[in-house]
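One structure is given here, and the rest of the page talks about it.
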Amino acid sequence: MRALTYDRYGNDDELRMVDRPDPKVGPSEVRIRVTRASVNPVDWKVMSGGLDPLMDSHFPVVPGWDVAGVVDEVGPDTPEFAPGDRVAAYARKQVVSAGTFAEYVTVRVDDVAAVPDGVTDDVAAALPLAGLTALRVLETLAVTKGDTLLVHAASGGVGHLASQLAVASGATVIGTASPANHDKLAAVGATPVAHGDGLADRLAEVAPDGVDAVADLVGGVLDVSLEVLREGGRLASVADPTVEEHGGRWVWVRPDGERLARLLAEVAEGRLRVDIDRTFPLEQVPEAFALSREGGARGKLVVAVSDEGAVLA
């Protein structure tokens, strides 16, 4: 199979397109013929060695944790899926090695979700990591009807989904973003506030009594978060482990096929929107990484591995 790999930690120059053996399919696994993957900041952070203290890497590494495609083969004792099924997954493994920027990837069956009719492969591939992160943060914060929730980086891939899910739950959502993205937040029912210097004062104007919960999706905002959080409020971060020193939770998303299926159903029924900036061919992943790193994307960056069997519209 064709696969994008790197042989050592480094920058985008380490990426190489190579031929590798098709992966074997173990018990309770499915092998997915990849049509689409998507880029997340964690992909290039892992490649740079940024997660080496937490996760082992077995080189050469195929990056990528999001996938959509078609089941190609099932392993022993895997009745949940059959060849030909359209599926998606957050395909992170405990060891960084065999990712989704390749023509085939194997995934634990518990981490796989069927893709409903009406959901394109681009959207299905863009959803898993971002959607599951958003859902886990909201569940960690126990956001419910009547809460006021502050979402830092609310127009990003995770933040935009978290804002929609929180608004749907009946919460009042305040989202930080650059002014260029304020219309995007207002369109999903969130109150946008410009990030940067003076943020605490701007938040005090829209939430003079403070907020019940804070979802930090960017890091570097602990002081402001604590300043606006009401007594007894809840704090969770995906980017700053020091929140745990202040009674908060540092959240790591888990692969979860059941929860992903719920999110895909929300998309299929028109209640959840996944914004996509553009789609890159597999050979142009370095360019996609560069755009992700620069923060210039206005939605998810999708990777087209193959159009064979893909649902594109």
Side-chain angles (χ1 to χ4, degrees), residues 38-41 118-120 122-135 137-138 141 143 145-221 224-225 228 237-239 263-264 266-280 288 290-302 313:
S38 75
V39 171
N40 296 286
V119 179
T120 67
D122 289 62
V123 168
L127 179 64
L129 188 153
L132 288 171
T133 301
L135 187 58
V137 168
L138 296 180
L141 292 170
V143 173
K145 183 177 181 180
D147 279 341
T148 298
L149 169 70
L150 170 61
V151 180
H152 290 289
S155 66
V158 177
H160 190 235
L161 295 170
S163 297
Q164 293 176 71
L165 292 168
V167 168
S169 76
T172 297
V173 177
I174 301 167
T176 70
S178 65
N181 288 313
H182 283 192
D183 287 348
K184 177 179 177 178
L185 291 181
V188 299
T191 300
V193 176
H195 57 58
D197 293 342
L199 174 58
D201 292 336
R202 291 189 291 276
L203 290 172
E205 292 177 4
V206 297
D209 296 325
V211 302
D212 299 293
V214 177
D216 167 23
L217 308 177
V218 65
V221 292
V224 171
S225 298
V228 301
S237 176
V238 302
L263 292 169
L264 286 164
E266 293 288 306
V267 174
E269 293 164 11
R271 293 194 294 266
L272 185 65
R273 191 180 82 200
V274 181
D275 280 357
I276 294 174
D277 182 288
R278 68 194 78 173
T279 299
F280 292 82
L291 182 59
S292 174
R293 194 180 292 108
E294 293 160 5
R298 296 290 297 274
K300 289 287 301 199
L301 303 175
V302 173

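For this chain, numbers begin at 1 and follow the sequence in order.
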So among Leu203, Val211, Val214, Leu199, which one has a side chain to side chain contact (heavy atoms under 4.5 Å, CB included) with Ser225?
-> Val214
Examine distances only and state if a side-chain atom of Thr176 and a backbone atom of Ala153 form a donor-acceptor pair shorter than 3.5 Å.
-> yes
Minimum-distance pair of heavy atoms, taken over all atoms of Gly175 and Ala154 = CA-CB, 3.5 Å
Is any side-chain heavy atom of Val218 less than 4.5 Å from a side-chain heavy atom of Asp216?
-> yes
From CD (Glu269) to CG (Leu264), nearest 0.5 Å = 11.0 Å
Evaluate the criterion side-chain contact (heavy atoms from CB on, under 4.5 Å) for residue pair Lys300 and Asp277; output intermediate values, then yes/no.
-> CA-CA 5 Å; Lys300 289 287 301 199; Asp277 182 288; over 6 Å; no
Check whether any side-chain heavy atom of Phe280 lies under 4.5 Å from a side-chain heavy atom of Leu291, and answer yes or no.
-> yes
Between Pro128 and Ala124 the two heavy atoms that sit nearest each other are CD-O, 3.0 Å
Non-hydrogen side-chain atoms of His195 and Val221 separated by less than 4.5 Å | no
Out of curiosity, Glu266 CD to Leu127 CG, how far, rounded to the nearest 0.5 Å?
-> 10.5 Å
Residue from Leu149, Thr191, Val151 passing side chain to side chain contact (heavy atoms under 4.5 Å, CB included) with Ser163 | Val151
For Ala126 and Ala130, work out which heavy atoms get closest and say how close.
-> O-CB, 4.3 Å
From CG (Leu217) to OG (Ser155), nearest 0.5 Å = 10.5 Å
Rounded to the nearest 0.5 Å, how far does CG of Leu150 lie from CG of Asp212?
-> 11.0 Å
So do Arg298 and Asp275 actually touch side chain to side chain, heavy atoms under 4.5 Å?
-> no
Any donor-acceptor pair under 3.5 Å from Thr279 side chain to Val302 backbone | no
Roughly how far apart are Arg273 CZ and His160 NE2, rounded to 0.5 Å?
-> 4.5 Å
Closest approach of Leu138 to Ala166 (non-hydrogen atoms, all atoms of both residues) = CD1-N, 3.8 Å
Write down the atom of Ala134, the atom of Leu165, and the distance for their closest heavy-atom approach.
-> CB-CD1, 4.3 Å
Measuring from Ile276:CD1 to Thr120:OG1, what's the distance to the nearest 0.5 Å?
-> 5.5 Å
Considering only heavy atoms from C-beta outward, does the side chain of Leu161 approach that of Thr133 to under 4.5 Å?
-> no
Tightest non-hydrogen contact, residues Ala239 and Ser237, listed as N-OG, 3.0 Å
Quick one: does Val137's side chain get under 4.5 Å of Val238's, heavy atoms only?
-> yes
